[in-house]
Amino acid sequence: MGNSGSAVKVCTDHQGGINWLSLSPDGQRLLTGSEDGTARLWSTADSQCRGHFQGHESYITFCHLENEAAFTCSADHTIRKWDVVTGQCLAIYRGHTSIVNRILVAKDYLFSGSYDRTARCWSVDKEKQIQEFRGHRNCVLTLAHYSSRDVLEEEEEEEEEEEKVSRDLLVTGSTDCTVKVWWVSSGRCYQTLLGHTGAVLCLILDAPNRELFSGSTDYTIRTWNIVTGEQLKVFKEHQGSVICLELVNRHLYSGSADRTVKCWFVDTGERIQTYKAHKHSVSTLKYHAGILFTGSGDACARAFNSRSGVLQKIFRGHKFIINCIQIHNELLYTASHDGTLRIWDIRGICKRNKRRLKKERSVQGRSSQKGSLSRLFNNKVGCMVQQENGEHEAVELM
């Protein structure tokens, strides 16, 4: 059982639950979006609040932070862009007719998904809608973006001549049980991925391998070829909705309402680990340096050894569900529906894990070296070398 951790700082400035937490690319700032209708900017250097963004007429559902600008979307049907230095609202993007629940910034594009059953594309700088993606029969919950240059061969790109103006594609997941892939330039639907029998809650893209992963309320994760639309695998072992996904080195981590996280080896579809101990749904997860961090509806964050599944630490203090976590400079940031941002020191677990990984690599290196020596001299000394080598390996494994 893991040890309980204490927060090094608790930030209580928000007057409502925190729905999302975003880290800037340079790691210098954090952005929180809240039920109180405001967003706050935090310095990772001293954990002080450096900005308070006010203007939305309803709660903020999601937020995204760049180095120089912040973006928020809200139940007031709008998206706003903010200057991170002055706190000034730089742009208001209007057009959605219901709650905007997700945004994504890529290149000069701002993408949004809404309960109005549409996704939209906006020019980040010109405050102008570029495209509307219409075709889902219910709300759009999750988004992903990629370029055809990332996945298509030259001869395949030639077949898509009409889309040469822009090779960007948007992926949308919806409560209508489908995933759709759209050409950004024309708004045309390129693929509709059919197979889920429940709402699609999360998406994760592996463009270099042409793969898309989708998690659903039907308890499954599905893998798709994003060029052909073919369904490649179905991961079926969860007993509840799949809420969040993380992909690291061909290992897929899935958090579920069944109170577990599972780790899958993508290439074979094999489930190789299950992380238990949660007393409620797993709402968010993040992999860092061989450690799997999770946030749960039981108001606790946890750290697991990603390889063995052993619980290493429990972070207690929140009162309600943890909606989002971020990690920077060996500090864990947890944002909760209780309205607080909590900061935890994880240097101890990271240090212990690094020592463990170093020891494992050393053991593997010696084992590999001995195996090579065994093969080299096997013809000369026969089973003597094999027996000696086997005894050494047994000692190492104990």
Side-chain angles (χ1 to χ4, degrees), residues 19-33 37-42 50-58 60-116 118-134 140-150 163-173 180-188 203 205 207 324 326:
N19 288 325
W20 202 254
L21 173 64
S22 179
L23 178 68
S24 62
D26 62 13
Q28 294 183 13
R29 300 179 179 95
L30 286 158
L31 180 69
T32 50
T38 73
R40 288 182 179 269
L41 192 71
W42 310 84
R50 300 299 184 190
H52 187 205
F53 306 145
Q54 302 179 78
H56 279 296
E57 296 175 5
S58 188
I60 292 174
T61 55
F62 191 85
C63 60
H64 174 83
L65 184 58
E66 294 289 313
N67 290 334
E68 297 178 357
F71 298 85
T72 56
C73 61
S74 168
D76 68 8
H77 307 178
T78 71
I79 305 146
R80 289 176 180 251
K81 178 184 178 183
W82 311 84
D83 186 305
V84 298
V85 177
T86 66
Q88 177 186 0
C89 181
L90 302 175
I92 304 176
Y93 307 86
R94 304 181 191 273
H96 281 296
T97 58
S98 188
I99 297 169
V100 184
N101 53 65
R102 189 58 57 102
I103 51 177
L104 171 67
V105 178
K107 302 179 181 176
D108 298 323
Y109 297 130
L110 168 65
F111 297 100
S112 56
S114 169
Y115 275 75
D116 66 11
T118 72
R120 298 177 192 233
C121 176
W122 317 77
S123 167
V124 168
D125 297 324
K126 297 180 181 178
E127 203 174 336
K128 174 185 174 185
Q129 182 176 304
I130 297 172
Q131 197 56 260
E132 181 178 318
F133 309 93
R134 188 175 288 274
V140 178
L141 294 181
T142 184
L143 307 169
H145 166 271
Y146 67 99
S147 168
S148 64
R149 291 185 184 92
D150 300 330
E163 306 293 347
K164 281 289 187 179
V165 179
S166 171
R167 293 170 177 167
D168 290 280
L169 295 108
L170 176 69
V171 186
T172 55
K180 288 181 179 286
V181 184
W182 314 80
W183 286 107
V184 171
S185 59
S186 66
R188 181 172 69 89
L203 295 171
L205 187 66
C324 194
Q326 292 289 347

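No experiment lies behind these values; they were computed from the predicted model shown. FYI, the numbering just counts along the sequence from 1.
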K.L.:
Is it the case that the side chain of Ser24 and the backbone of Gln28 share a donor-acceptor pair, with hydrogens and angles ignored and the cut-off at 3.5 Å?
P.N.:
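Yes, Ser24 side chain to Gln28 backbone: donor-acceptor pair under 3.5 Å.
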K.L.:
Working to the nearest 0.5 Å, report the span between CZ of Phe53 and OG1 of Thr72.
P.N.:
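Nearest 0.5 Å value for the CZ-OG1 distance: 8.5 Å.
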K.L.:
Is the side chain of Gln326 donor-acceptor paired with the backbone N or O of Leu21 at a distance under 3.5 Å, no angle test?
P.N.:
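Between the backbone of Leu21 and the side chain of Gln326 there is a qualifying donor-acceptor contact (under 3.5 Å).
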K.L.:
Heavy atoms only: give me the nearest Arg102-Leu141 pair and the separation to one decimal.
P.N.:
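The pair with the smallest heavy-atom distance is CB-O, 3.8 Å.
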K.L.:
Count the heavy atoms belonging to other residues, nucleotides or ligands that lie under 6.0 Å from NZ of Lys128, then report whether that count exceeds 12.
P.N.:
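Check fails, neighbour count at 12 or below.
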K.L.:
Roughly how far, to the nearest 0.5 Å, is the NE2 atom of His56 from the OG1 atom of Thr78?
P.N.:
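So the gap between those two atoms works out to 5.0 Å.
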K.L.:
Determine, stepwise, if the pair Trp20 / Ile60 fulfils side chain to side chain contact (heavy atoms under 4.5 Å, CB included).
P.N.:
CA-CA 9 Å; Trp20 202 254; Ile60 292 174; over 6 Å; no
K.L.:
Tell me if a side-chain donor or acceptor on Ser22 pairs with a main-chain N or O of Leu31 at a distance below 3.5 Å.
P.N.:
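Here the side-chain-to-backbone pair does not exist.
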K.L.:
Under the side chain to side chain contact (heavy atoms under 4.5 Å, CB included) test, which residues partner Ser112, sequence neighbours left out?
P.N.:
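Ser112: side chain to side chain contact (heavy atoms under 4.5 Å, CB included) contacts with Ile79, His96, Val100, Ile103, Arg120, Trp122.
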K.L.:
Quick one: pull up NE2 in His64 and SG in Cys73 and give me the separation to the nearest 0.5 Å.
P.N.:
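The distance works out to 11.5 Å.
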K.L.:
Go through the steps to decide whether Val84 and Leu65 satisfy the test side chain to side chain contact (heavy atoms under 4.5 Å, CB included), and finish with yes or no.
P.N.:
CA-CA 9 Å; Val84 298; Leu65 184 58; 3.9 Å; yes
K.L.:
Counting only heavy atoms not in Tyr146 (residues, nucleotides, ligands), do more than 12 fall under 6.0 Å from its OH?
P.N.:
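Counting other residues, nucleotides and ligands, OH of Tyr146 exceeds 12 neighbours.
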K.L.:
Between the main-chain N or O of Phe133 and the side-chain N or O of Thr118, is there a donor-acceptor pair closer than 3.5 Å?
P.N.:
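Here the side-chain-to-backbone pair does not exist.
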K.L.:
Kindly give the heavy-atom pair with the smallest separation between Tyr115 and Ser98, and that separation in Å.
P.N.:
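Reported closest heavy-atom pair: CB-OG, 3.3 Å.
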K.L.:
Between Glu127 (side chain) and Ile92 (backbone), is there a donor-acceptor pair under 3.5 Å?
P.N.:
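Confirmed, Glu127 side chain pairs with Ile92 backbone.
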K.L.:
Nearest heavy-atom pair of Ala106 and Phe111: which atoms, and what distance?
P.N.:
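What the structure gives for the nearest pair is CB-CE1, 4.2 Å.
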K.L.:
If you compare all heavy atoms of Leu143 against all heavy atoms of Thr172, which two are closest, and at what distance to 0.1 Å?
P.N.:
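The answer is CD2-CG2, 3.7 Å.
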K.L.:
If I take atom CD from residue Gln54 and atom CZ from residue Arg80, how far apart are they, to the nearest 0.5 angstrom?
P.N.:
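One gets 11.0 Å once the value is rounded to the nearest 0.5 Å.
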K.L.:
Nearest 0.5 Å, please: how far is CZ in Arg50 from CH2 in Trp42?
P.N.:
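Output value for this atom pair is 11.0 Å.
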K.L.:
Of all the heavy-atom pairs spanning Ser74 and Ser58, show the shortest one and how long it is.
P.N.:
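Distance-wise, the nearest heavy atoms are OG-O, 3.3 Å.
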K.L.:
Given 3.5 Å as the limit, does a donor-acceptor pair link the side chain of Tyr93 with the main chain of Val124, or not?
P.N.:
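Pair found, side chain donor or acceptor close to backbone of Val124.
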K.L.:
For the CD atom of Gln129 and the CG atom of Leu110, what is their distance to the nearest 0.5 Å?
P.N.:
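Going from CD on Gln129 over to CG on Leu110, the span is 10.5 Å.
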K.L.:
Does the Gln131 side chain pair with the main chain of Ser185, one donor and one acceptor, at a distance under 3.5 Å?
P.N.:
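Confirmed, Gln131 side chain pairs with Ser185 backbone.
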K.L.:
Side-chain contact, heavy-atom cut-off 4.5 Å: Trp183 with Leu169?
P.N.:
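Sidechains of Leu169 and Trp183: in contact.
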K.L.:
On a heavy-atom basis, which atom in Cys121 and which in Val184 lie closest, and how many Å separate them?
P.N.:
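Nearest pair, atom of Cys121 first, then Val184: SG-CG1, 4.0 Å.
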K.L.:
Check for a donor-acceptor pair, side chain of Asn101 on one end and backbone N or O of Val140 on the other, with a separation under 3.5 Å.
P.N.:
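Yes, because the side chain of Asn101 sits within donor-acceptor range (under 3.5 Å) of the backbone of Val140.
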K.L.:
Examine distances only and state if a side-chain atom of Asp83 and a backbone atom of Gln88 form a donor-acceptor pair shorter than 3.5 Å.
P.N.:
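No; zero donor-acceptor contacts below 3.5 Å.
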K.L.:
Salt bridge between Lys81 and Asp125, side-chain N to carboxylate O under 4.0 Å?
P.N.:
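Looking at Asp125 together with Lys81, the answer is yes, because their closest N to O distance falls below 4.0 Å.
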K.L.:
Taking the side chain as every heavy atom from C-beta outward, state whether Phe71 and Glu66 have any atom pair closer than 4.5 Å.
P.N.:
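They are in side-chain contact.
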